[in-house]
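Reviewing the structure listed below.
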Amino acid sequence: MKNHKKKVLDELCNYLGQDLNHPMCQELIQHVQECPDCKFYLDTVKLTVNIFRETHPTTPVPEDVKKDLLKSLKLDKKPS
Amino acid sequence: MNSDNTGLLVKRAKKGDQSAFTELVEMYSERIFNLALRILKNTDDASDVLQETFTAVYEKIESFDGRSNFFTWLYRIATNFSLMKLRKDKRTIYTDQDMEEKFDNPDKIQIHEWQDLPLKDMLNDEFRKNLENAIDQLPEIYRSVFILRDVEEMSIKETSNILGISESNVKIRLKRARVYLREQLANYMDEYVKDEKPF
């Protein structure tokens, strides 16, 4: 990787803690559009996040777990 | 989820209204269960955290002063129980310094040609296993930030409040978590790309 790209990637990484589409990233995003290595890098970070979301969908609470929870809190009986 | 409605339910629950507390449990149990499941990756442990969280909330709701959002308070309790459970099982505790040495140096970043693969091609069993292994190896202080920010889509401020760390620390940890996961998956994806592309 060439030196100027290392510097840009370092800056890019500092911004990656933000939302990936945060306005603070605009200048870097512009560079990324023109730089294949940086584009690769940003795209694959975004892809990793997306894959994690796809592979961890929302799971319903199992019925027996729900029942046990309400029972342990003594909330399983309707008030008379 | 209506925050005004939550506020009214919390007020009623604080006065001992059990039906209001039941509604709060029903409104939030799925999110709490999934938060714990994503951190712990085990249904039994996530069920324990769900129970521990609502038991603690039930016992403490009278003293909830409303300065923070109820949801943030609930998430903070659930995250703490999840992390406590995770720490019991982990032999290695990574520090911020360990991760800084590993993932803040762009010299170590490799560029790989797998970003154009369709997402559906990646979601096979082998890939999932690799992803789970990568998550397993992600130190818990980073895993919790990654899950709260990128999966639960909490703001930086909310994540900072839930974890009791500064906003800048949230950003640093999130960056390292994303880079770490990406680099772990890159090793697998390189092999995948080599196998898929004839040279």
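Each chain gets a letter, A, B and so on, in the order its sequence line appears, and its residues count up from 1.
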Counting C-beta onward and ignoring hydrogens, is there a side-chain heavy-atom pair between Phe33(B) and Pro60(A) closer than 4.5 Å?
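The answer is no; the side chains never approach within 4.5 Å.
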
If you round to the nearest 0.5 Å, how far is NZ of Lys74(A) from CD of Gln18(B)?
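It comes to 9.5 Å.
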
Measure the spacing between CG of Asp64(A) and OG of Ser47(B) and express it to the nearest 0.5 Å.
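The OG atom of Ser47(B) is 7.5 Å from CG of Asp64(A), to the nearest 0.5 Å.
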
List the steps and the verdict of salt bridge (Lys or Arg N to Asp or Glu O under 4.0 Å) for Arg53(A) and Glu153(B).
CA-CA 11 Å; Arg53(A) 286 181 184 155; Glu153(B) 297 182 314; 3.7 Å; yes

Salt bridge or not between Lys66(A) and Glu30(B)? Use side-chain N to carboxylate O under 4.0 Å.
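A salt bridge is absent here (no side-chain N lies under 4.0 Å from a carboxylate O).
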
Quick one: closest heavy-atom pair of Ser29(B) and Leu69(A), and the distance?
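Reported closest heavy-atom pair: CB-CD2, 4.5 Å.
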
Considering non-hydrogen atoms only, spot the tightest contact between Pro62(A) and Thr43(B) and give its length.
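Heavy atoms only, the tightest pair is CG-CG2, 4.4 Å.
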
Structural part of Leu37(B) lying under 4.5 Å from a heavy atom of chain A
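For Leu37(B), the contact with chain A is made by the side chain alone.
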
Heavy-atom distance under 4.5 Å to chain A: side chain of Asp150(B), backbone, both or neither?
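When you check distances to chain A, atoms from both the backbone and side chain of Asp150(B) fall under 4.5 Å.
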
What do you reckon, is CD of Glu34(A) surrounded by more than 12 foreign heavy atoms closer than 6.0 Å?
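Yes, the 6.0 Å shell around CD holds more than 12 heavy atoms from other groups.
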
Report, in residue-number order, which members of residues 50-57 of chain B are under 4.5 Å from chain A by heavy-atom distance.
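So far as heavy atoms go, Leu50(B), Gln51(B), Phe54(B), Thr55(B) are the residues that approach chain A to under 4.5 Å.
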
Decide yes or no on side chain to side chain contact (heavy atoms under 4.5 Å, CB included) for Arg38(B) and Thr58(A), but give the supporting numbers first.
CA-CA 9 Å; Arg38(B) 284 166 182 144; Thr58(A) 300; 3.5 Å; yes

With a 4.5 angstrom heavy-atom cut-off, is it the side chain or the backbone of Leu73(A) that approaches chain B, or both, or neither?
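The answer is both parts of Leu73(A).
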
